[in-house]
Amino acid sequence: MIATCIYCGHQVQHGSRHSATQQEAHKALIEHDRQCPKNPIAQELAVERERGDALAAHVELLHREGDALAYGLHPSDRDDWDGLKADAPESSLARLKAQWQAEMLEVAKSKVIEDPHGDPIAKLEYMAYRMRRQAEGGEH
């Protein structure tokens with residue numbers, strides 16, 4: 001028997017004539033799907049991770065530059081900078097949003113994989129509907 005990626009056609013064979021069991025083939029296909037270059041969810045996840053990494057690097061740079069500038073300040077002003085830096089969130093709102101989006105894409109992908117015979121578009125549309133309702137305060 002053959003398990004096939006719905007995005008690129010990659011195949012994993014399993015059954016009596018092959019060394020992989022159906023469960024092993026399913027796991028191998030899931031691993032492939034997480035990195036499949038034609039999987040739109042995997043592509044979006046990669047983009048969001050890159051954005052998050054770029055944002056984190058930018059925040060680190062701002063902290064270093066701020067520290068360098070604060071070095072020449074009066075000690076009381078330097079304390080103000082240290083306080084501002086300590087009060088700053090570890091992650092910006094944009095980074096938190098990117099992380100949340102990446103997590104939601106992973107959840108959506110797992111929901112689609114759970115039922116390979118179901119309609120993936122319908123599942124994603126339903127998840128989007130529920131998330132919008134939750135954002136509007138209509139559902140928790």
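Keep in mind that this is a model prediction, so the values were computed, not measured. As a basis for the values below, the full set of heavy atoms in this structure was taken, side chains included, without hydrogen atoms, waters or symmetry mates.
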> Looking at R133 and E136, does any basic side-chain N land under 4.0 Å from a carboxylate oxygen?
Replying inline: no
> Of the non-hydrogen atoms in H10 and H32, which two are nearest, and what is the gap between them?
Replying inline: CB-NE2, 3.4 Å
> Minimum heavy-atom separation for L105 to I41, with atom names?
Replying inline: O-CG2, 3.3 Å
> Yes or no on side-chain contact (heavy atoms from CB on, under 4.5 Å) for L29 and H26, after CA distance, side-chain angles and deciding distance?
Replying inline: CA-CA 5 Å; L29 194 57; H26 181 72; 5.7 Å; no
>> For H58, give me all partners under ring-ring contact (aromatic ring centres under 6.0 Å, His included), at least two apart in sequence or on another chain.
In response: none
>> So, using ring-ring contact (aromatic ring centres under 6.0 Å, His included) as the criterion, who are the partners of H14 when residues are at least two apart?
In response: none
> Do R34 and I30 pass the side-chain contact (heavy atoms from CB on, under 4.5 Å) test, and can you show the C-alpha distance, the side-chain angles, and the key distance before you say yes or no?
Replying inline: CA-CA 6 Å; R34 288 183 177 147; I30 289 172; 3.9 Å; yes
> Given the rule in the side-chain contact (heavy atoms from CB on, under 4.5 Å) test, do R130 and M127 qualify, once you have shown the distances and angles that lead to the verdict?
Replying inline: CA-CA 5 Å; R130 290 201 54 206; M127 288 182 69; 5.8 Å; no
>> The criterion is salt bridge (charged side-chain N to carboxylate O under 4.0 Å, His left out); which residues satisfy it with D67, sequence neighbours excluded?
In response: K85
Counting only pairs under 3.5 Å, give me each side-chain donor-acceptor contact of residues 69-77, with atom names and distances, residues two or more places apart or in other chains.
unit_1: H74; atom_1: ND1; unit_2: S76; atom_2: N; d: 3.2
unit_1: H74; atom_1: ND1; unit_2: S76; atom_2: OG; d: 3.0

Give a yes or no on this: more than 12 heavy atoms of other residues, nucleotides or ligands lie within 6.0 Å of atom [atom1] of [X].
X	atom1	value
E114	CD	yes
M131	CE	yes
Q22	CD	no

> Heavy-atom distance under 4.5 Å between the side chains of P37 and Y7, does that happen here?
Replying inline: no
>> Do V107 and W100 land in one hydrophobic cluster if side-chain heavy atoms of ILVMFWY residues count as linked below 4.5 Å?
In response: yes
> Has the side chain of Q35 got a donor or acceptor atom that lies under 3.5 Å from a matching backbone atom of A42?
Replying inline: no
> side chain to side chain donor-acceptor pair (under 3.5 Å) with E106: which residues, sequence neighbours excluded?
Replying inline: R49
>> My understanding is that only residues two or more places apart in sequence, or in another chain, count here; which of them pass side chain to side chain donor-acceptor pair (under 3.5 Å) with E44?
In response: none
I need the [X] [atom1] to [Y] [atom2] distance, nearest 0.5 Å.
X	Y	atom1	atom2	result
L45	N39	CG	CG	9.5 Å
Q101	E48	CD	CD	4.5 Å
Q13	T4	CD	OG1	9.5 Å

